[in-house]
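Values reported hereafter were calculated over all heavy atoms of this structure, with side chains retained and with hydrogens, waters and symmetry mates removed.
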Amino acid sequence: MAPDPVERPSDRSEGPDPREPIALLFRDLRTSPRGLSEREAARRQAVYGPNTLARRGGRRWPRELAQQFTHPLAVLLALAAVLAAVSGAPALAVAIVAVILLNAALAFVQEQQAERAVEALAAFLPEAAAVVRDGVQRDVPARSLVPGDVLVVEEGERISADARLLSGGVEVDLSALTGESVPVFRSADQVDAEGSLLDARDLLFSGTTCTGGQARAVVTTTGMHTELGRIAALSQRTRREESPLERQVKRAARLIAVVAVGVGLAFLPIGLAAGLSLAAAVSFAIGLLVANVPEGLLPTITLALASGARDLARRGAVVKRLSAVETLGSTTVVCTDKTGTLTENRMLVTTVWTPGGERTVDAPAEAPRQVLLLAGAAAACTTAHPAAGHGDPTEVALLALADRLGVPCPPERRDLDRRAVFRFDPRIKLMTTADAVDGTVVLHTKGAPEEVLAHASRLLDHEAERALAPDDRTAVVGAVAALAARGLRVLAVARRVLPPGEPPPARREEAERELCLVGLIAMADPARPEVADAIGLAHRAGITVHVVTGDNGLTAAAIAAQVGIGNRGSRIVTGTELAAMSETELDALLARGEEVIFARTSPEAKLRIADALRAEGHTVAMTGDGVNDAPALRRADIGVAMGRSGTDVARESATMVLTDDNFATIVAAVEAGRRTYDNIRKFIVYIFTHAVPEVVPFLVFALAGGAVPLPLTVMQILAVDLGTDTLPALALGRERAEPGLMDRPPRPRDERVIQPAMLARAWGFLGLISAALVMAGFLFTLTVGGWHPGDPTGPGTALHLTYQQATTVTWLGIVACQIGTAFAARTDRASLRSIGILSNPRLLGGIGFSLAFAAAIVYLPPLHRVFGTAALTPGQLAVVVPFPFVVWGADELRRALVRRRAARHVAPAAVAPVPVRQSTESSGHHPLAVLLARHGWSAHRLTHALGVSEESADEIVARARRIAAEHGRRAP
């Protein structure tokens with residue numbers, strides 16, 4: 001039996017070409033303008049399946065939940081629970097099991113993002129659709145649509161499937177698929193047989209919204225075969241990988257397991273050789289296992305990451321996966337959008353250009369008549385309604401300009417005077433309206449300057465029209481390049497006055513010809529004031545920032561320069577050039593170390609860039625806001641979605657959501673991630689340290705052959721691991737950043753969370769000092785009480801109380817050494833004074849709890865029987881009091897020596913400035929012309945639109961090809 005087509009990935013080759021002639025499309029789809037019959041639609045439903053987005057593999061939550069219990073640390077915790085139960089501590093065993101269940105639940109919830117992302121995609125599909133079946137229009141469930149159905153599309157409706165227009169025209173919001181906020185016009189009269197499907201002016205796509213007009217269309221693909229389904233399939237195939245911390249914790253768990261089991265097994269022959277019975281040797285081997293299993297490690301890591309996530313949320317970054325907090329700290333590359341992330345997403349007209357020259361618009365009283373005419377023409381060529389909250393920010397800025405200059409164009413009057421409108425088409429980047437002005441019809445056109453120039457033949461110069469000469473075109477191109485180089489978005493405005501009584505043109509091609517250029521309008525989307533400092537901080541931290549935008553390359557480069565991106569050299573790579581690059585050439589470009597501005601990029605390009613960077617070993621943070629960004633957001637190590645301007649699908653697919661859409665928040669999150677990672681290593685040192693004073697007493701007992709009584713019991717070990725240990729470790733997870741945190745380069749992606757230096761510090765230095773102190777306290781207490789080696793200390797003997805007090809001194813000594821270790825572990829190299837001795841109130845509170853818990857175990861008689869302790873005298877307490885200061889003081893001296901040694905190895909030298917690579921586009925040609933050639937413009941088109949000579953146009957095209965080729969070569 002053939003598989004259900006819905007379960008296969010989207011493949012356009014399975015259906016007819018939606019751009020073929022209508023007659024052929026009807027034949028291939030076996031349909032007609034009357035639509036399908038109900039019986040035929042039902043048959044096709046059985047073949048094509050429902051018009052829904054399928055989940056790959058269905059629900060697998062039982063298996064995914066079960067996998068949470070196979071994590072190495074979860075297995076170790078389960079072993080600790082079993083050992084606690086065997087050791088006669090059922091309450092502690094239950095507590096450990098509760099920790100296992102809690103951590104499994106947290107991890108399971110975090111791993112359901114893929115399914116939620118697909119559900120968010122499915123929300124873009126409507127529940128009902130209007131179709132023509134058997135020649136009659138009727139409403140049917142959207143899930144029942146099939147290829148060949150004739151779809152009726154009206155204003156305000158969400159489109160249910162990919163379709164080819166048959167009649168009429170509609171304005172469509174494609175932002176869900178393309179990220180472009182400006183609606184586009186689609187018409188059955190505009191046929192595009194080549195180019196991208198999304199740019200075809202006679203096609204509609206599932207998940208987009210009709211914002212105006214009415215049309216009929218024939219459905220070509222449904223469900224997972226649509227463009228929206230293709231994105232859903234990409235999102236499902238792009239699986240989340242383990243974070244660096246998740247991998248390292250598993251490695252650490254294996255290391256701990258090997259050490260614990262190895263020490264426990266090694267004790268058996270040692271104990272037997274020392275004269276112990278088999279039962280006693282096995283019992284003490286279990287004690288060693290318990291001593292080496294850090295029961296609090298996994299919950300401490302989880303809670304530390306959770307607290308880091310809460311801190312990030314307060315700063316405007318909502319992290320959806322706890323391990324992402326740590327991954328942020330290892331970020332080496334940030335790929336950021338421009339609009340709204342580096343800029344404020346607030347358009348404001350600042351400058352206009354006419355043949356009379358460039359001028360600012362902050363003095364309306366002095367504006368000449370042609371500037372007023374320019375502002376009025378631009379405002380007339382809009383569809384925005386600011387009062388109703390509708391409209392593109394660019395058009396809102398144009399209406400505001402007209403108001404400022406005293407030539408207001410209220411939307412109500414504008415719409416009343418309108419005779420025709422050809423809405424903005426992103427392919428040709430033009431919009432034209434026909435408006436009644438003083439009894440005549442005037443065509444107003446605005447759009448990309450190069451496109452307006454290509455359709456213009458005259459120039460309005462001091463209110464008089466004249467022919468547009470080649471020199472005029474050159475002057476306009478120069479003005480556009482100069483304005484764009486300042487980071488301004490530039491629009492050209494043109495018009496044509498029709499003869500009296502002539503009706504507006506019926507076709508766009510007739511309206512947008514023989515135009516008269518009125519002037520240029522430049523508007524600023526100012527850079528966020530805090531971004532420049534954030535970029536500087538990112539560079540200090542060794543992070544490379546690439547700009548990946550759909551905007552013009554010159555404008556993006558100017559904004560990038562304003563905020564400091566590209567100080568180490570930068571270049572612009574157009575979407576056309578990127579598509580022509582091989583994987584090797586792209587790898588070579590990214591390996592240069594320069595910061596690249598990827599202009600006019602597609603969603604697939606974002607995914608490709610993320611893959612290339614990850615293949616180079618980088619940890620990548622990628623921003624995005626549209627449905628089409630979902631695959632790239634999932635592929636990046638940190639997918640960053642915009643909280644204000646982003647779609648639900650982007651937010652579901654991302655790892656982190658910015659509530660303020662601000663780049664500075666990303667850098668703040670990186671800093672928080674580094675701090676969290678450092679803190680995890682601090683409490684790992686803290687937790688590992690006290691394993692040594694817990695193990696050494698067992699070794700002393702075994703090696704002495706029983707002549708020295710056991711200084712510590714299994715219950716006392718558990719009282720340390722799950723009692724006095726946890727709160728100080730959690731407090732270390734909230735420690736403030738050590739000085740110089742953001743002056744360090746990012747750590748390698750494969751760096752282990754547990755370093756040999758950490759183990760040497762924990763086991764070989766702090767642990768040995770602690771073990772020596774507690775054993776000295778134990779032996780001193782026994783000796784003062786009259787004990788000699790070999791004397792019996794069991795119940796009923798004269799020395800039993802002294803023995804219990806000695807074990808209590810051992811246990812309390814470990815707690816005291818923990819306090820010294822906690823203060824020592826607060827910094828890796830810096831002195832404690834540099835961050836403040838009392839600057840972590842949570843640690844002080846945790847130490848207070850540990851002391852209160854210790855006092856209860858030492859002085860509450862009901863607990864003596866449980867833990868084998870006894871009340872201590874003041875003299876015995878005095879033995880323990882210096883322990884914290886000895887441990888902390890010794891590490892303070894060690895860190896001072898490390899700092900002094902590091903200072904001697906730093907050779908003083910002047911820091912040479914990083915050379916900035918000379919722009920490849922520096923030549924006698926305008927950068928705009930070169931950029932257009934790099935976007936695929938031919939020499940003939942450059943000559944016609946920009947007025948350059950044929951020889952210059954050929955040189956520009958040749959230069960553009962050299963630049964594209966150079967991107968794939970490594971820097972010398």
Side-chain angles (χ1 to χ4, degrees), residues 10 12 18-19 51-53 117-131 142-143 145 147 149-188 190 192 195-235 383 390-392 423-427 431 550 602-604 624-631 645-653:
S10 177
R12 285 282 178 188
R19 293 177 292 191
N51 179 34
T52 57
L53 300 184
V118 175
E119 289 173 353
L121 281 166
F124 276 79
L125 297 177
E127 294 183 357
V131 298
R143 62 181 287 113
L145 287 179
D149 265 327
V150 173
L151 189 65
V152 179
V153 182
E154 296 183 341
E155 181 177 351
E157 293 181 351
R158 185 163 281 167
I159 298 167
S160 311
D162 288 5
R164 165 79 175 272
L165 285 167
L166 300 176
S167 62
V170 288
E171 187 180 67
V172 183
D173 178 5
L174 288 177
S175 61
L177 291 176
T178 65
E180 294 287 344
S181 60
V182 181
V184 298
F185 186 67
R186 294 287 186 257
S187 171
Q190 300 173 336
D192 290 318
S196 167
L197 284 179
L198 289 176
D199 290 336
R201 293 175 292 175
D202 55 348
L203 297 183
L204 302 178
F205 299 97
S206 175
T208 60
T209 304
C210 174
T211 59
Q214 185 176 21
R216 291 194 176 193
V218 59
V219 174
T220 56
T221 53
T222 58
M224 294 297 286
H225 299 289
T226 63
E227 286 294 307
L228 191 67
R230 180 179 61 83
I231 295 173
L234 276 175
S235 294
T383 58
H390 300 306
D392 177 68
R423 299 185 182 270
F424 179 78
D425 187 330
R427 192 174 67 89
M431 173 182 175
S602 65
E604 287 77 9
D625 53 13
V627 171
N628 51 358
D629 292 325
S645 59
T647 61
D648 288 341
V649 178
R651 287 191 286 267
E652 288 290 347
S653 300

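- The CG atom of L166 sits 9.0 Å away from atom CZ of R216, with the distance rounded to the nearest 0.5 Å.
- Put simply, OG1 on T220 and CG on D149 are 11.5 Å apart, with the number rounded to the nearest 0.5 Å.
- Residues F185 and M431 have side chains not in contact (no heavy-atom distance under 4.5 Å, counting atoms from C-beta outward).
- Contact record, L151 with V131: CD1-CG1, 4.0 Å, taken as the closest heavy-atom pair.
- With contacts defined as side-chain heavy-atom distances shorter than 4.5 Å, the pair T209/I159 does not qualify.
- Counting all heavy atoms, side chain and backbone alike, N51 lies closest to G223 at OD1-N, 2.7 Å.
- Here the CG atom belonging to D162 is positioned 8.5 Å from the CG atom belonging to L197, to the nearest 0.5 angstrom.
- To the nearest 0.5 Å, atoms CD (E227) and CG (L203) are separated by 9.5 Å.
- For the atom pair OG1 of T383 and CZ of R423, the computed distance is 5.5 Å after rounding to the nearest 0.5 Å.
- Of all heavy-atom pairs between T226 and T221, the closest is CG2-O, 3.4 Å.
- For the pair R186 and D202, the salt-bridge criterion is not met [side-chain N within less than 4.0 Å of a carboxylate O].
- Nearest heavy atoms, A163 versus A217: CB-CB, 3.7 Å.
- If you take CZ on R143 and OG on S160, they are separated by 12.5 Å, rounding to the nearest 0.5 Å.
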